[in-house]
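Structure first, then comments.
Values in this document were obtained by computation on a predicted structure and should not be read as measured data. Indexing begins at 1, ligand by ligand and atom by atom, following the structure's order.
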Amino acid sequence: MLTKEQNELLTRVEGDAPMGKMLRQYWLPALRSEALVADGDPVRVRLFGQNFVAFRGTDGKAAIFDEGCPHRGASLLLARNEDCALTCIFHGWKFGNNGKTVDVPTEPKDRREAFAKKVPLKSYPVKEAGTMVWVWLGEGEVPEFPMLKFNTMPDTHVRAWVAYVQVNWLQGLEATVDTAHVGVLHKSHIGLLSEGDEFEDIAPRYDIDPQPYGLRAAALRRMKDGSEYVRVTEYVAPWYSFIPQPGTHAVCTISTPIDDYNVGQWYISFDSEQPLSEDKIQFFESMIGPDPNNFYNPKGTFENRWLQDRELMKQGHFSGVQGIPIEDFIVEESMGPIADRTKEFLGSTDIAIARMRRMFLKSLEDFKNGLPPFALNIKIDYSKIKTNTFYVPKNTDWRDKFKEIAMK
Ligand code: FES
Ligand SMILES: [Fe+2]
């Protein structure tokens, strides 16, 4: 449970809101690489309640600017995209994908060059990795780019999808950190976690180990024979959640703040050993809408009970909603755009969420006092972070087995 002030502090990200200012210090994905074509249409990106324009120049290099033209604010979504630059259609000012103003044809010839140098074009550091275009919107020194496992791989090994959900960013993130719901909400989609013979008890026991980058959470479920089934998830500050999958395949989610009432919910599927198989891609795509740049479509609302199929529920489907991510989205939206955390009643499986909130509150305090936000002041080998599911015999510590697997 949080106080009203704490809830406001953790959720608000627009303008000068402290959380938004702090979160802008981290790199985040802005859009899928495929959404940008060289010399193609500029694309609007919205983050922290601000609008940006993204485009890919003739040379293939992506760039992100403020959407409004620095001259008099015409939208650069309307701009021509050619010669590695956007040309504003209002007065023809031209902005290169290197972040420099190339030409200001409305100025007298003899002073054009000097004038161009002074144009306050807002261009942001951009990087492409993991089939995504990343941006840094912070102030001061640009931090090291997070070389998470999927950011170190060839494009064949990784695939990213994004959906826009009408809830605050923290609501999206908390759903990904809350692993206790997996065996309930998603039970009709996950055979192994159905209340079958294998588990003694559906309620897992949790071990939460703080890490320099976030939290490692092990959900332990006792089996009938006394052994334990272990699912290790990793929360990586500020918005990543690694969800374990069998073998070398893994999934990471990222919850990016679009504004106070919207989140960009990313799903990154990757295989550390081989190209991502068609099966894995199809499995995910069978659960979502057709547009990989916004797959939450068709999208239900409160008025039509989020398109929940009550007939299907009678036939045995638990949630009446097709697709794991969609199940998450409707539950999140049903909580209202910003969940009232003053009215919660947390249980033992909410420890990870409670820890994460405390971590954010501490980080906000540090940031207010001029210190770097959580995990930005230390060197972290992000590529080493991985998750797993495994079994351990009775009376053994899962951490030993986890270390063994992590070494491989
Ligand atoms: S508003 Fe863009 S060039 Fe004038
Ligand atoms: Fe979920």
ask   = OD1 (D328) to the Fe ion (ligand 2) to NE2 (H186): angle, nearest 10 degrees?
value = 90°
ask   = Taking the six-membered ring for Trp, is the centroid-to-centroid distance between F360 and F374 below 6.0 Å?
value = no
request  = To the nearest 0.5 Å, tell me how far T131 OG1 sits from I268 CD1.
outcome  = 7.5 Å
note = Under 2.8 Å from atom 4 (Fe) of ligand 1, the protein N, O or S atoms found are H71 ND1, H91 ND1
request  = Quick one: report the N, O or S atom of H181 that is nearest to the Fe ion (ligand 2).
outcome  = NE2
message = For F318 and L185: C-alpha separation, side-chain torsions, deciding distance, then whether side-chain contact (heavy atoms from CB on, under 4.5 Å) applies.
response = CA-CA 7 Å; F318 184 72; L185 176 65; 5.5 Å; no
message = Does the structure place the NZ or CZ of R159 under 6.0 Å from the centre of the six-membered ring of F284, at an angle of no more than 45° from the ring's axis?
response = no
query = Salt-bridged, R399 to D397, with N to O below 4.0 Å?
reply = yes
query = Using 4.0 Å as the upper bound for N to carboxylate O, is an ion pair formed by R56 and E128?
reply = yes
ask   = Is the closest basic N to carboxylate O distance between R341 and E174 below 4.0 Å?
value = yes
request  = Look at the N, O or S atoms of E327, main chain and side chain alike, and state whether any lies under 2.8 Å from the Fe ion (ligand 2).
outcome  = no
